[in-house]
Amino acid sequence: MKKLFIFAGFLTLSLFISCTKSIEQQGVSIDTRWRFTTGDDPAWAMPAFDDSAWDSIDPKEIWESQGRSDYDGYAWYRIRVFFSSSWIENAIIKDSLQLILGKIDDCDQIFVNGELIGENGKNLKGRDESNAEFYKEQGKWNLERRYILGVHDPRIHWDKENIIAVRCFDQGGAGGMFGKNFEISMTGLKDYVKFDVISDPFTLKGENMITKNFSILNQSGTMDFKGKLLVKVIRCDNGISVYSEESAIDLTRNLSIDKSVVFKKEFTIPAVLKISFIESNSGNMITEDVEIPYILTPPTPPEPRINGAKVFGVRPWSPFLFKVAATGRPPLKYSASGLPDGLKIDPKNGLITGALKKKGEHLVMVTVENDLGFNERELKIIVGDVISLTPPMGWNSWNCWGLSVSDKKVRQSADAMKSSGLIDHGWSYVNIDDGWEDTHDKDGNILPNDKFPDMKELCNYIHSLGLKIGIYSSPGPKTCGGYEGSYMFEANDAQNYASWGIDYLKYDWCSYGNIAPKPTPEQMKYPYKEMKHAIRKANRDIHYSLCQYGMGDVWTWGAEVDGNSWRTTGDITDTWESLSEIGFNQYKCSPYSAPGRWNDPDMLVVGWVGWGPALHYTRLTPNEQYTHITLWSLLAAPLLIGCDLEQLDVFTMNLLTNDEVLTVNQDPLGKQAIQVRKTDEFEIWARKLEDGSVAVGLFNKTTKPLYIPVEMKELELDGKYSMRDLWSQTDLGKVRGHFEMKTPPHGARLVTLKGL
Ligand code: GLA
């Protein structure tokens with residue numbers, strides 16, 4: 001089997017901690033042997049209680065998935081554990097014992113031998129500190145439960161059996177214990193000394209210089225640690241260390257020390273930053289490996305090149321606004337031959353405007369020139385009933401600004417979309433999410449709040465840049481953020497939007513749940529049909545984006561209510577768990593995607609995000625971000641950037657401006673990729689493209705580099721194909737039968753296969 005090159009010798013990029021003593025010597029795993037019952041009784045905390053009649057349960061999974069599908073309220077878990085004093089002897093740090101109990105949805109009290117030791121993730125010295133209303137506390141469901149006890153705590157019985165009882169309360173939805181980590185062990189260096197490698201992203205500057213700030217923190221309130229800090233940069237292609245630095249470090253209790261490293265490394269070569277602390281007395285070491293961003297997208301050439309959508313849909317009489325996206329050394333001159341009557345192109349900025357009266361199709365040849373030459377490409381204009389013939393590409397305020405969005409932030413984002421050059425790669429929508437609304441006035445007009453002084457003026461401004469503007473509302477009386485919704489004002493709102501010049505509406509179910517608490521399929525569709533009619537009457541092309549988190553398999557009926565896209569999932573966040581869970585589950589909706597009818601797995605979580613006003617750099621690793629953009633492109637998903645566009649860094653720009661990758665997303669055939677193969681370790685997805693070629697995505701779900709094998713038969717391909725790597729925009733030669741590609745941890749490869 002011919003091995004295709006790429007990233008030989010990738011290192012394990014996941015965080016790993018190495019300690020000389022294993023958990024067996026210093027504690028015990030408690031991820032099995034639990035007993036469980038629903039209900040509530042204080043006697044269940046007591047060691048004398050006989051729980052043998054209770055059910056057994058897996059603490060790693062919520063109780064709903066273990067035969068208690070609709071249960072909300074109190075429930076108890078119990079386990080018996082022998083605490084061996086040899087754990088103390090074996091431990092380096094001999095003063096504390098920790099109980100790690102995964103996560104608990106929603107609230108918990110923990111008892112050891114009948115004594116209360118903690119509540120909702122907080123250690124308690126005794127029952128007096130207990131909060132009788134502990135069960136009302138919200139938002140703790142995703143918190144890792146780690147309770148610490150001093151080794152001399154009288155509530156612990158050394159060299160005897162101890163009874164651990166967990167009293168849970170679930171307020172609705174998923175309930176009980178879940179997660180990965182369940183153990184009782186002596187605390188070690190790794191529990192006190194932590195690296196913060198996330199708060200500050202890498203910065204990439206000229207001459208391949210990379211800077212990284214991080215901090216090292218001693219969380220212990222009683223112990224100081226002395227040792228060595230070792231920082232290395234190791235290339236993933238050959239395992240060679242290209243930078244190394246060693247320094248003595250004193251970690252006084254409760255102290256955090258900031259560090260900065262500056263090193264030289266080719267931006268195009270994957271590498272890891274390995275940070276280690278070696279404690280002098282014990283020789284114990286903790287290490288964290290951090291992926292360094294690497295750039296795959298080649299620089300944009302100075303010669304003119306037309307990018308973006310090749311097909312554009314418009315309804316008769318609707319205002320026409322299409323920006324020819326093109327890159328190349330300025331000034332660029334735009335022209336078009338074959339433009340139908342009613343349309344004109346601005347030679348300076350490539351904006352095609354006007355209106356078309358009749359249904360029909362027009363093939364227009366667009367040309368872009370500069371002093372280095374010219375590039376021409378066909379644009380198909382379809383005047384008909386369906387708009388958004390390629391997935392919308394743009395920005396939305398939610399994942400960065402949340403409810404703190406304002407007129408100023410929207411203008412700044414639009415300016416940045418233009419000045420960064422994103423607009424030249426086809427990015428066009430600037431969408432305001434929740435947080436702009438005030439109330440309806442006496443005539444039923446929706447009024448923006450103080451943060452948006454003049455919506456019409458804002459729309460004019462966005463349009464003047466060659467961009468489009470979107471807005472947000474809910475079919476319920478209130479939006480998810482508690483602002484005014486469109487309930488009973490659908491026609492007025494649609495009229496207002498059209499009169500301002502809105503091009504996109506995200507319509508979010510939210511409080512409609514109070515109007516239809518257990519909606520039938522018809523009730524689910526009803527509010528979306530109402531707004532559909534209102535929009536159609538308003539006589540303006542407004543992309544209609546349904547947002548109801550996939551309820552009732554919306555992909556099977558979204559087109560019926562005229563949705564141009566529909567959210568297929570709950571809200572995304574910037575973690576691998578969220579990204580992979582959402583992304584790889586889109587196979588269900590694949591058959592329902594078509595031009596103008598897109599499945600929407602939610603917005604992009606790259607760059608500076610934060611759901612407002614405070615932002616942080618995405619917690620996704622560089623490889624996870626490559627997976628994100630690769631998968632969303634294959635899924636023909638709307639691409640809505642969710643970050644602060646004023647803080648776009650080189651790596652994020654590299655992700656968002658690879659025209660060969662974006663071409664897959666914008667392919668006019670509009671066929672979403674299908675999941676060709678799924679194993680525990682990897683997935684293969686393939687998307688048929690308009691020119692007869694196939695785009696293939698290889699995804700590594702593990703934390704180690706992996707060779708992913710692909711059989712051409714499983715892609716329904718037979719014969720010889722030329723293969724191109726889209727991220728690096730290079731030809732990889734010819735393939736027949738099968739191929740395999742080395743794929744980085746949580747990373748992706750994206751190729752096209754074209755018949756020869
Ligand atoms: C819901 C949506 C988000 C966002 C918020 C706004 O959670 O799913 O995308 O629009 O509402 O409140």
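Every heavy atom of this structure was used, including side-chain atoms; hydrogens, water molecules and symmetry mates were not. Just so you know, ligand 1 is whichever comes first in the structure, and atom 1 is the first atom listed for that ligand.
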Ignoring hydrogens and angles, tell me if any N or O in the side chain of Arg619 forms a donor-acceptor pair with the backbone of Tyr617 under 3.5 Å.
no
Is the gap between the SG atoms of Cys510 and Cys480 under 2.5 Å?
yes
Write out the residue and atom name of the closest protein heavy atom to atom 8 (O) of ligand 1, then the distance separating them to 0.1 Å.
Asp571 OD1, 2.5 Å
Can Trp436 and Asn449 be counted as having a side-chain donor-acceptor contact under 3.5 angstrom?
no
To the nearest 0.1 Å, how far is atom 2 (C) of ligand 1 from its closest protein heavy atom, and which atom is that?
Asp508 OD2, 3.1 Å
Has the side chain of Thr479 got a donor or acceptor atom that lies under 3.5 Å from a matching backbone atom of Gly485?
no
Could an N or O of ligand 1 be found under 3.5 Å from any N or O of Arg567, whether backbone or side chain?
yes
Residue, atom and distance of the protein heavy atom nearest atom 10 (O) of ligand 1 read Asp433 OD1, 2.6 Å
For a quick test of reading the model, state the closest non-hydrogen atom pair linking Ser388 to His543 and the distance between them.
OG-ND1, 2.7 Å
Would you mind listing which atoms of ligand 1 come within a distance below 4.0 Å of any non-hydrogen atom of Cys480?
1 (C), 11 (O), 12 (O)
Could you see which bit of Cys510 sits under 4.0 Å from ligand 1, with heavy atoms only: side chain, backbone, both or neither?
neither
Atoms of ligand 1 close to Tyr549 [distance to a heavy atom under 4.0 angstrom, numbered from 1]
8 (O)
To which protein heavy atom is atom 12 (O) of ligand 1 closest, and what is the distance rounded to 0.1 Å?
Asp434 OD2, 2.8 Å
For Phe584, does the six-membered ring have the charged nitrogen or CZ of Lys678 within the cation-pi criterion, i.e. under 6.0 angstrom from the centroid and within 45° of the normal?
no
Just jot down the ligand 1 atoms closer than 4.0 angstrom to any heavy atom of Gly481, in number order.
12 (O)
Could you check whether Ser199 and Asp196, counting side-chain N and O atoms only, form a donor-acceptor pair closer than 3.5 Å?
yes
Is Lys506 in polar range of ligand 1, meaning some N or O pair under 3.5 Å apart?
yes
